[in-house]
2 protein chains.
Amino acid sequence: MASASNDGTAPDPWHAQLGALGAFIRAQRQLADLSLREMAALTRISNAYLSQVERGLHQPSLTVLRAIADALGLTTDQLLAKAGWTRAVADDVPPGQQANTEASIRSDPRLTEAQREALLGVYRSFIEGRSGRSGG
Amino acid sequence: MASASNDGTAPDPWHAQLGALGAFIRAQRQLADLSLREMAALTRISNAYLSQVERGLHQPSLTVLRAIADALGLTTDQLLAKAGWTRAVADDVPPGQQANTEASIRSDPRLTEAQREALLGVYRSFIEGRSGRSGG
DNA sequence: GGGCATTGCTTGACATACTTATCAAACGTG
DNA sequence: CACGTTTGATAAGTATGTCAAGCAATGCCC
């Protein structure tokens, strides 16, 4: 049912990406010698849905993706990169001496871990942006 | 208009991450001097939904996340990191650095005025509402 | 030949992401 | 003050992700 074959509308590229992602997941699962149900038990995701994801019928949410990567012993980066979701950006920023503000944020007791991360992210993105960015 | 940052909702880690992600997106958008509707036009995502994402009310899908990253000139990875996707590689913080974060931000020569204001805004929004909440 | 467990897959119901239309407040103009 | 515009936020609806339950096929034991 509801297969996207007869849609008629513009074929969004996500179909292809989903196919690749699903195939990759399936390959990894079989490598690990897991059945759908076993993997379902590991990920707390229904075998039904896993099946659909592996066949590229659905776009899994971040939560699901993470659970899958976790169960397969992969990093989430590997999963997405394999599927072509992340644009690889060889853009490493070695933190040289810009430690003043960063250190303050890191040691600020008023921030929760999540907040700390977010704030550091904002700050770093500010600094990185000035160093020059490859236009695409 | 409630619109207060602190709703008193359940403190699931899920929520914290979403809040961080939303705050980050909002900061970036304002840095780029975009309104919600302008950004909506760029991302093809409704301003309404963008508003909800920025306030941490929803967990955006990969597609949406990517569109946002694209519009803001960020890499998908940067956004993904805030979305709780990457495991935080906690860096060590040199002791003795504990100081006034606000002051550090203010005196940071690497920040422009606009960035300074944005960062301070995020920081203040974080620590707002937790004042005087020490009992437990 | 008949059972029973295990495999991947489909179906129908629900939860959540996402959209279109609309709102109230803040801005400026005459 | 009336008017139009722009802002962020809300409501109700649509699309899509996700699950629990069940089906056809395969393999094993009798």
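Proteins get letters first, then strands, A, B, ... in listed order; numbering begins at 1 in each. Side chains are part of it too, since the values below use all heavy atoms of this structure and drop only hydrogens, waters and symmetry mates.
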What closest approach, in Å, do [X] and [Y] show between heavy atoms, and which atom pair accounts for it?
X: Arg29(A); Y: Leu36(A); value: NH1-N, 3.4 Å
X: Ser46(A); Y: Ala40(A); value: C-CB, 4.0 Å
X: Asp33(B); Y: Glu38(B); value: O-OE1, 3.7 Å

Let me know the distance between [atom1] of [X] and [atom2] of [N], rounded to the nearest Å.
X: Asn47(A); N: dG17(D); atom1: CG; atom2: P; result: 18 Å
X: Leu57(A); N: dT10(C); atom1: CG; atom2: C1'; result: 10 Å
X: Tyr49(A); N: dT11(C); atom1: OH; atom2: C1'; result: 16 Å
X: Gln30(A); N: dT7(C); atom1: CD; atom2: C1'; result: 11 Å
X: Glu54(A); N: dG17(D); atom1: CD; atom2: P; result: 16 Å
X: Ile25(B); N: dG8(D); atom1: CD1; atom2: P; result: 15 Å
X: Ile68(B); N: dC18(C); atom1: CD1; atom2: C1'; result: 12 Å
X: Leu50(A); N: dG8(C); atom1: CG; atom2: P; result: 10 Å

### Query
Does Val64(B) or Arg29(A) map to a spot on DNA chain C nearer the 5' end, using the closest nucleotide for each?
Arg29(A)
Taking only N and O in the side chain of [X], is any of them less than 4.0 Å away from OP1 or OP2 of [N]?
X: Ser61(A); N: dA17(C); result: no
X: Ser51(B); N: dT10(D); result: no
X: His58(B); N: dA17(C); result: yes
X: Arg26(A); N: dG8(C); result: no

### Task
Please list residues of residues 31-46 of chain A whose heavy atoms come under 4.0 Å from any atom in DNA chain C, ordered by number; otherwise none.
Ser35(A), Leu36(A), Arg37(A)
### Query
Between Arg55(A) and Ser51(A), is there a donor-acceptor pair closer than 3.5 Å when you use the side chain of the first and the backbone of the second?
yes
### Query
What nucleotide among dC19(D), dG17(D), dT19(C) has an atom nearest to a side-chain atom of Gln59(A)?
dG17(D)
### Query
Side chain of Pro60(A): nearest nucleotide among dT18(D), dA20(D), dT10(D)?
dT18(D)
### Task
Report yes or no: do Gln59(B) and Ser61(A) form a side-chain donor-acceptor pair below 3.5 Å?
no
### Query
In chain order, what residues pass the side-chain contact (heavy atoms from CB on, under 4.5 Å) check against Thr43(A), with sequence neighbours excluded?
Met39(A), Ile45(A), Leu50(A), Ala67(A), Ala71(A)
### Task
Report the C-alpha separation of Leu65(A) and Leu62(B) in whole Å, then their side-chain angles, then the decisive distance to 0.1 Å, and conclude whether the side chain to side chain contact (heavy atoms under 4.5 Å, CB included) test is met.
CA-CA 10 Å; Leu65(A) 232 26; Leu62(B) 274 170; 3.5 Å; yes
